[in-house]
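Have a look at the structure below before the remarks.
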Amino acid sequence: MLDRKFILENIELVKQNCANRGAAVDVDRFVELEQTRKAKLIEVEELNRRTNEVSKLIGKAKDQAEREERKEQGRLLRQQTQAAQAELDALAAEADDLLRLIPNLSHPEAPIGVDDKSNLELFRSPTSLPEFDFQPLDHVELAERLDLVDFEAGASVAGHGFYFLKNDAVLLELALQRYAVETLLGEGFTPLTTPDLARNDVLSGIGFIPRGPETQIYSVENSDLSLIATAEITLGGMFAGQTLEAESLPKLFCGVSHCFRTEAGAHGRAARGLFRVHQFTKIEMFAFALPEQSDAMLDRLRGIECRLFDGLEIPYRVVDTATGDLGGPAFRKFDLEAWMPGRGEFGEVTSASNCTDYQARRLNIRYRIKGEKGTKFLHTLNGTAIAVSRALIALLENHQQADGTIVIPEVLRPWLGKDRIAVKG
RNA sequence: GGAGAGGUGGCUGAGUGGUCGAAAGCGCCGGUUUGCUAAAUCGGUGACCGGGAAACUGGUCCGCAGGUUCGAAUCCUGUCCUCUCCGCCA
């Protein structure tokens, strides 16, 4: 969320930003609520002050009569205080609900537009698009021929959108994980396997809505837990409520986790095969940074994503995400879209976001500079290293050969133990 | 899952109804002393929200949420977490 004071001082800017992002939030109503809230706060504090004053006097009362008289006075004050406090709480809750709906500010260079059609292509990969002298297959057909994925079994066990990886696809998943983690270790990231569930207040701190008709999240009945949609949730939640030393920043983590998404309302749209599934494995990068570090850190995360896909010899383009497509927390977001021959178009495979202090403020993650008074909110960033299901699509489809085999890129061979996937026997 | 113990400031740790935002020690910052370092010594040293140009000042915070009371770190309830023992288990 944004700083309440900042909103009051920059009402027009915030309204314009909401419009650019397609966020229908009543900013004026928030401003009005916030102003009455402040006035009420002063009133409550004054009542508290008087209540405290009276309470202190009771201990020093000279005799029983005076004591009783003051107690009565205290009782009356308490009633008034409680009433005022209740009004304040109601105002604060309503203002807070609105505040949490206001999206982050947007980077001045982010393209302005209501949806992904306004995304701006920045550059393309050194790997050029493949030229096939045969009719390329899509990953579903390839997986079928090579016996790599069992969609039917997935559907019968857990429903549409679930799948079993099989044979070399399993080795590929492990190889991709290992490749990503090794690369990130070389970059100074601390590797973590994270919980696949998280408390709902962590979810909403990161910016997800755990329950409700629009939710993308599976929640666990009779508990405060949900299945995570990304390790961004657990990694970001690690330091909730904590104050870190400035000199310990930036902190870099890579998380290995499963991701679960209901994909409510997304059926039929590019839903074939592994593209839009309810569960996948992902290696995620997460950074806790000082404000002055976050711009460069976003470039760094994007650079790592590019290098990972360069190593996989997969063609892609990098886009600067338009304001309307940023979601709530991101200040700026770069996506890598890999070429997917089966669809004949680019499909999102990774995403790197600078969320500035938006998540940190919700999760209350601060930093302290040695020798300076007070604390400030740090910046959080996240980026996909490898989302296995989508990386598999790009890998299979781009590296397919005329003879029906898949050539494995050099970087995965040490982990896979072979240079080619072929039909068995 | 069962039985206990406990969660207090950056850390250790006192505090069982008022003068407690909280002893003491450590750490940290500053002064004095001092060839240098160390030691000694004196003083300062929590966070958040608000008011004020500032000095300063009001409120809130002793895991979290409620309750009792004029008044709660302290009493009550719930909850989360940690530790120990037992059971179960990959």
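No hydrogens, no waters, no symmetry mates; every other heavy atom, side chains included, goes into these values. What you see is a predicted model; the values in this text were computed from it and never measured. Each chain gets a letter, A, B and so on, in the order its sequence line appears, and its residues count up from 1.
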How long is the line joining CZ of R368(A) and P of A47(B), in whole Å? 8 Å
Looking only at the side chain of R67(A) (C-beta and beyond, no hydrogens), which of the listed nucleotides C70(B), G50(B), G18(B) gets closest? G18(B)
Rounded off to whole Å, could you give me the CG-to-P distance for the L99(A) and C49(B) pair? 14 Å
Specify the separation, in whole Å, of atom CZ of R78(A) and atom P of U69(B). 6 Å
C1' atom, C28(B) versus U77(B): distance in rounded Å? 40 Å
Name the residue closer to the 5' end of RNA chain B, choosing between G374(A) and R50(A) according to the nucleotide with the nearest heavy atom. G374(A)
When you compare U32(B) with U37(B), how far apart are their P atoms, in angstrom units rounded to a whole number? 13 Å
Mind checking the P distance from C89(B) to G4(B)? Whole angstroms is fine. 24 Å
Could you tell me whether D357(A) and K376(A) make a salt bridge, using a distance below 4.0 angstrom between a side-chain N and a carboxylate O? no
Nucleotide nearest K373(A) when distance is taken to its side chain, options C70(B), G46(B), G59(B): G46(B)
Could you tell me the Watson-Crick or G-U partner of A54(B), where both distances fall under 3.5 Å? Say none if there is no partner. none
Sugar-phosphate, base or nothing in reach of K5(A), heavy atoms under 4.0 Å: sugar-phosphate
When you check the phosphate oxygens OP1 and OP2 of C81(B), does a side-chain N or O of R199(A) lie under 4.0 Å from one of them? yes
Does a side-chain N or O of T375(A) approach OP1 or OP2 of C48(B) to a distance below 4.0 Å, or not? yes
Rounded to whole Å, how long is the line connecting atom NZ of K56(A) with atom C1' of C20(B)? 10 Å
Applying the 3.5 Å cut-off to both distances, the Watson-Crick or G-U partner of G35(B) turns out to be none
Provide the Watson-Crick or G-U wobble partner of A23(B), both distances under 3.5 Å; none if there is no partner. none
Assess the side chains of E284(A) and S257(A): does a donor N or O sit below 3.5 Å from an acceptor N or O? no
Which of these nucleotides, C49(B), C70(B), G10(B), is closest to any side-chain atom of I58(A)? C70(B)
When rounded to the nearest Å, what value does the distance between P atoms of U12(B) and U60(B) take? 28 Å
Rounded to the nearest Å, what distance is computed from the CD atom of residue E43(A) to the P atom of nucleotide G50(B)? 17 Å
Of R49(A) and Q82(A), the one whose closest RNA chain B nucleotide lies more 5': R49(A)
Watson-Crick or G-U wobble partner of G4(B), both distances under 3.5 Å: C83(B)
C1' atom, G51(B) versus G63(B): distance in rounded Å? 31 Å
Once you apply the 3.5 Å cut-off to both distances, tell me the Watson-Crick or G-U wobble partner of G43(B), or none. C29(B)
Could E43(A) and K40(A) be called an ion pair, given the rule that one side-chain N must be under 4.0 Å from one carboxylate O? yes
Could you tell me how far G71(B) sits from G18(B) if I compare only their P atoms? Round to whole Å. 14 Å
Taking the same atom, P, in G43(B) and in G25(B), what whole-Å distance lies between them? 11 Å
Name the nucleic acid region contacted by T51(A), choosing base, sugar-phosphate or nothing; use a 4.0 angstrom heavy-atom cut-off, strictly under. nothing
Expressed as a whole number of angstroms, how long is the span from E68(A):CD to G71(B):P? 14 Å
Among G50(B), G58(B), U60(B), the one nearest any side-chain atom of N52(A) is U60(B)
Salt-bridge test for R37(A) and E32(A): reply yes if a basic N is under 4.0 Å from a carboxylate O, no otherwise. no
Determine which nucleotide pairs with C48(B), using a 3.5 Å limit on both distances of a Watson-Crick or G-U wobble pair. G59(B)
Pairing check on G78(B): which nucleotide meets the Watson-Crick or G-U wobble criteria with it, both distances under 3.5 Å? C64(B)
Could you tell me how far C64(B) sits from G7(B) if I compare only their P atoms? Round to whole Å. 13 Å
Heavy-atom check, side chain of E337(A) versus side chain of Y316(A), under 4.5 Å: no
Under a 3.5 Å limit for both distances, which nucleotide forms a Watson-Crick or G-U wobble pair with G18(B), could you say? C70(B)
Report yes or no: do R366(A) and T375(A) form a side-chain donor-acceptor pair below 3.5 Å? yes
In whole angstrom, what separates N48(A)'s CG from C49(B)'s C1'? 13 Å
Can you confirm whether the side chains of S219(A) and S226(A) place a donor and an acceptor under 3.5 Å from each other? no
Nucleotide nearest E45(A) when distance is taken to its side chain, options G58(B), C70(B), G50(B): G58(B)
Can you find a heavy atom in the side chain of F260(A) that is under 4.5 Å from one in the side chain of H278(A)? no
Hey, does the side chain of R75(A) come within less than 4.0 Å of C70(B)'s phosphate (OP1/OP2), counting only N and O? yes
L47(A) has an atom CG; how far is it from atom C1' of U60(B), in whole Å? 15 Å
